[in-house]
Participant: 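Okay, here's the structure, questions in a sec.
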Amino acid sequence: MTGERLTRRFYRRDPVTLAKALLGQILVRRLDDGQELTGRIVEVEAYLGVKDRAAHSYGGRRTKRNASMWLDGGHAYVYFVYGMHWCFNVVSDREDVPTACLIRALEPLEGIEEMKRRRGQDRETELCSGPAKLAQAFAIDRALNGADLVSSDAVNIRGGRRIDASNIAAARRVGVDYAEGWSKRRLRFFAAGNRHVSRL
DNA sequence: ATGACGATTTACT
DNA sequence: GTAAATCGTCATA
């Protein structure tokens, strides 16, 4: 599996299982000029869909913006927030089950100079240590919304070295204080001790 | 047509 | 620690 593109089967799981499984895998972004940017996934949040007050699909809310959440597992859900930031999610489970995993941080691997240029930052830990930071570093925007990670050349995920359960830490999700009880659930998973996670 | 609000980041006190 | 930046999207009218 290592080095191979992840399959549909990998993605068609519940968002918590998928979030943990995504840790350690390699996000690959091929730019229009052919350059490849890659990074190891080190932080992911799970959004549980219709029942999850913090999810964009809470209560079955379905709009033009969040339509990608209803796609089959393995598609990209890219959304715009706070008037200036893009965030990248991997859709989990099957078609019509609007759950997803928000990729929150990556450990930069290839194309680091390009990422520094796009971020306007020189410190490696400032390149992809947050959902909007990594979107900027990886040139992710609305053009990738709805992309199929199983078949797209522009964006996909390769098998890396999976992070063992004993090295996965769990914490509350970030920025969802409005979600009442759901903000307290530990649905944010990250590689324990990794320097590239958000919120040092 | 209008108003409120973000699954964030950055800079500043 | 607090707050500004900044605007597409959505709900209401």
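Proteins come first, then strands; the chains are lettered A, B, ... in the order of their sequence lines, and each starts at number 1. Only heavy atoms go into these numbers, but all of them, side chains included; no hydrogens, no water, no symmetry mates.
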Participant: Closer to the 5' end of DNA chain C via nearest nucleotide, is it A:Met84 or A:Asn66?
Facilitator: A:Met84
Participant: Find which nucleotide of DNA chain B each of A:Gln121 and A:Tyr178 is nearest to by heavy atoms, and output the residue with the more 5' nucleotide.
Facilitator: A:Tyr178
Participant: Under 30°, 30 to 60°, or over 60°: which ring-plane class applies to A:Tyr82 and A:His85, parallel, tilted or perpendicular?
Facilitator: perpendicular
Participant: Could you check whether A:Ala54 gets within reach of a base, just the sugar-phosphate, or nothing at all, counting any heavy atom under 4.0 Å?
Facilitator: base
Participant: Just call it for A:Arg61: base, sugar-phosphate, or nothing, with non-hydrogen atoms closer than 4.0 Å on any strand.
Facilitator: sugar-phosphate
Participant: Can you see if the side chain of A:Arg188 gets near the phosphate of B:dA7 - specifically, an N or O under 4.0 Å from OP1 or OP2?
Facilitator: no
Participant: Where is the tightest heavy-atom contact between A:Thr125 and A:Arg195, given as atom of each residue plus distance?
Facilitator: CG2-O, 3.7 Å
Participant: B:dT8 C1' sits how many Å from A:Gln136 CD, rounded?
Facilitator: 11 Å
Participant: Report the distance from atom CG of A:Leu134 to atom P of B:dA7, rounded to the nearest whole Å.
Facilitator: 16 Å
Participant: Considering all heavy atoms of both residues, which atom of A:Phe138 and which atom of A:Thr38 are nearest to each other, and what is their separation?
Facilitator: CZ-C, 3.6 Å
Participant: Is there a donor-acceptor pair closer than 3.5 Å between any side-chain N or O of A:Glu45 and the backbone N or O of A:Val174?
Facilitator: yes
Participant: Please give, in whole Å, the distance from B:dT10 P to A:Arg123 CZ?
Facilitator: 11 Å
Participant: Could you tell me how far apart A:Phe80 (CZ) and B:dT9 (P) are, to the nearest whole angstrom?
Facilitator: 13 Å
Participant: Tell me, please, the opening and closing nucleotides of DNA chain C, 5' to 3', among those with an atom under 4.0 angstrom from a non-hydrogen atom of chain A.
Facilitator: C:dA5 to C:dA11
Participant: How long is the line joining CG of A:Leu102 and P of B:dT8, in whole Å?
Facilitator: 7 Å
Participant: In this structure, how many angstroms lie between the P atom of B:dA7 and the NZ atom of A:Lys133, rounded?
Facilitator: 18 Å
Participant: Show me the pairs that pass side chain to side chain donor-acceptor pair (under 3.5 Å) and involve residues 112-122 of chain A, at least two apart or across chains.
Facilitator: A:Glu114-A:Arg117, A:Glu114-A:Arg118, A:Arg119-A:Gln136
Participant: Does A:Arg53 reach a base, just sugar-phosphate, or nothing at all? Heavy atoms under 4.0 Å.
Facilitator: nothing
Participant: Please work out the stems of DNA chain C from pairs that are Watson-Crick or G-U wobble with both distances under 3.5 Å, keeping only runs of three or more consecutive pairs.
Facilitator: B:1-6 with C:7-12, B:8-12 with C:1-5
Participant: Does A:Lys133 pair with A:Glu126 as a salt bridge, N-O distance under 4.0 Å?
Facilitator: yes
Participant: Is A:His85 near enough to B:dT9 that one of its side-chain N or O atoms lies under 4.0 angstrom from OP1 or OP2?
Facilitator: no
Participant: Rounded to the Å, how far apart are A:Arg104 CZ and B:dT9 C1'?
Facilitator: 11 Å
Participant: Does the ring of A:Tyr11 carry A:Arg13 above it, NZ/CZ under 6.0 angstrom from centre and within 45° of its axis?
Facilitator: no
Participant: Reckon A:Tyr82 touches a base, only the sugar-phosphate, or nothing at all at heavy-atom distances under 4.0 Å?
Facilitator: base
Participant: Taking only Lys NZ, Arg NE, NH1 and NH2, and the carboxylate oxygens of Asp or Glu, determine whether A:Asp153 and A:Arg5 approach each other closer than 4.0 Å.
Facilitator: yes
Participant: Decide yes or no for A:Phe189 and A:Leu23: does some side-chain heavy atom of the first lie under 4.5 Å from some side-chain heavy atom of the second?
Facilitator: yes
Participant: Scan A:Arg173 against the nucleic acid and name what it touches under 4.0 Å (heavy atoms): base, sugar-phosphate only, or nothing.
Facilitator: nothing
Participant: In the structure I gave you, are the side-chain heavy atoms of A:Asn145 and A:Tyr79 within less than 4.5 Å of one another anywhere?
Facilitator: no
Participant: Rounded to the Å, how far apart are A:Leu48 CG and B:dA7 C1'?
Facilitator: 13 Å
